[in-house]
Engineer: 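Handing you this structure, nothing more for now.
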Amino acid sequence: MFWPTGSISLLLQLVGLLLVLDGGLTLFGLGRRGAIGSVGIGTIVIGLVLLIWPEGAARFAFVLLGTFSLITGIGSLLAWQQLPEWNPERVTARNAGFVALLIGLFLIFWPGTGLVALGWAIAFAAISLSAMMFWLATRFKGANERLKTKIINPL
């Protein structure tokens, strides 16, 4: 939570290491020739890019996601204009188009902010999950204690 871009960079470097190992094992085991060999080489190259330049790869991925969102927003706005007035989905298409456009522009022009937001989202999800696990553990422990007392003293 306090180091969002560094956390995402570390995560991408770990994925890069996994890809390098996977590509190496593919080349070593199965794919010394043909299409499988090219898959192994491609996997190693992508893994090396993630190991060497994780933040740049993440920023590039966010720019690609922003471009996708921009295209989706334009498509939704075009669909909104073509829908008849009586269609109840018309407002939804318009609103979704504007939101997708805003998200797309935001990710294209400020991909680093998207990277920080992703880091925070992962951190908040981890904190929420750990809090729920702690709560469940205390509930199960209490249920176990109640069950033990009923088994020892059935009446």
Side-chain angles (χ1 to χ4, degrees), residues 1-31 36-37 39-73 75-76 79-80 88-155:
M1 197 161 116
F2 303 109
W3 192 42
T5 54
S7 300
I8 297 296
S9 293
L10 180 62
L11 179 66
L12 289 175
Q13 285 176 326
L14 291 173
V15 169
L17 180 64
L18 175 72
L19 290 175
V20 168
L21 292 174
D22 184 48
L25 290 174
T26 300
L27 284 176
F28 181 71
L30 298 174
I36 295 177
V39 168
I41 292 170
T43 304
I44 290 172
V45 168
I46 292 170
L48 287 173
V49 167
L50 288 176
L51 274 172
I52 296 168
W53 196 40
E55 285 186 27
R59 288 176 190 269
F60 180 67
F62 275 103
V63 169
L64 289 178
L65 286 171
T67 305
F68 171 72
S69 182
L70 195 66
I71 292 169
T72 302
S76 292
W80 163 62
E89 298 299 319
R90 184 175 158 90
V91 175
T92 304
R94 182 198 67 206
N95 293 343
F98 283 130
V99 169
L101 275 175
L102 288 174
I103 290 172
L105 291 171
F106 186 78
L107 287 177
I108 288 171
F109 290 112
W110 298 287
T113 306
L115 190 64
V116 171
L118 177 64
W120 284 348
I122 291 171
F124 285 128
I127 289 169
S128 300
L129 185 62
S130 63
M132 181 174 287
M133 297 291 269
F134 181 75
W135 178 77
L136 284 173
T138 57
R139 298 268 308 185
F140 286 143
K141 185 176 180 185
N144 186 26
E145 294 298 323
R146 287 190 302 273
L147 187 60
K148 281 182 183 178
T149 57
K150 285 198 179 220
I151 291 174
I152 294 173
N153 300 322
L155 298 175

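Note: hydrogens, waters and symmetry copies are ignored here, and every other heavy atom, side chains too, is used.
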Engineer: Determine whether V20 and L51 satisfy the following criterion, side chain to side chain contact (heavy atoms under 4.5 Å, CB included), listing intermediate values before the conclusion.
Structural biologist: CA-CA 9 Å; V20 168; L51 274 172; 4.0 Å; yes
Engineer: Starting at OG of S76, measure out to CZ of F98 and round the result to the nearest 0.5 Å.
Structural biologist: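 S76 OG to F98 CZ: 10.5 Å, rounded to 0.5 Å.
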Engineer: Between atom CG of L18 and atom CG of L12, what is the distance when rounded to the nearest 0.5 Å?
Structural biologist: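 Output value for this atom pair is 12.0 Å.
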Engineer: Which heavy-atom pair separates R59 from P111 by the least distance, and what is that distance?
Structural biologist: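 Residues R59 and P111, closest heavy atoms: O-CB, 3.7 Å.
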Engineer: Stepwise, does the side chain to side chain contact (heavy atoms under 4.5 Å, CB included) test hold for F134 with T138?
Structural biologist: CA-CA 6 Å; F134 181 75; T138 57; 4.0 Å; yes
Engineer: For P54 and S9, work out which heavy atoms get closest and say how close.
Structural biologist: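 Looks like CB-O, 3.6 Å.
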Engineer: Rounded at 0.5 Å granularity, tell me how far NZ in K141 sits from CZ in R146.
Structural biologist: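 Rounded to the nearest 0.5 Å, the NZ-CZ separation comes to 12.5 Å.
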Engineer: Measuring from atom CG of L64 to atom CD1 of I108, what distance do you get when rounded to the nearest 0.5 angstrom?
Structural biologist: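 CD1 of I108 is found 9.5 Å from CG of L64.
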Engineer: Would you say S128's side chain and F124's backbone share a donor-acceptor pair under 3.5 angstrom?
Structural biologist: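 Yes.
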Engineer: Which heavy atom of L101 sits nearest to which heavy atom of L70, and what is that distance?
Structural biologist: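 Distance-wise, the nearest heavy atoms are CD2-CD1, 3.4 Å.
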Engineer: Grab the two heavy atoms, one from G47 and one from L19, that are nearest each other, plus how far apart they are.
Structural biologist: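 Closest approach of G47 to L19: CA-CB, 3.7 Å.
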Engineer: To the nearest 0.5 Å, tell me how far L25 CG sits from I44 CD1.
Structural biologist: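 That separation rounds to 9.0 Å.
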Engineer: How long is the gap from CZ on F68 to CZ on F62, to the nearest 0.5 Å?
Structural biologist: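 With rounding to 0.5 Å, CZ (F68) is 14.5 Å from CZ (F62).
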Engineer: Tell me the closest heavy-atom pair linking L50 and G16, and the distance in Å.
Structural biologist: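 Heavy-atom minimum between the residues: CB-CA, 3.7 Å.
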Engineer: What are the two closest heavy atoms between R90 and W80, and how far apart are they?
Structural biologist: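 It is NH1-O, 2.8 Å.
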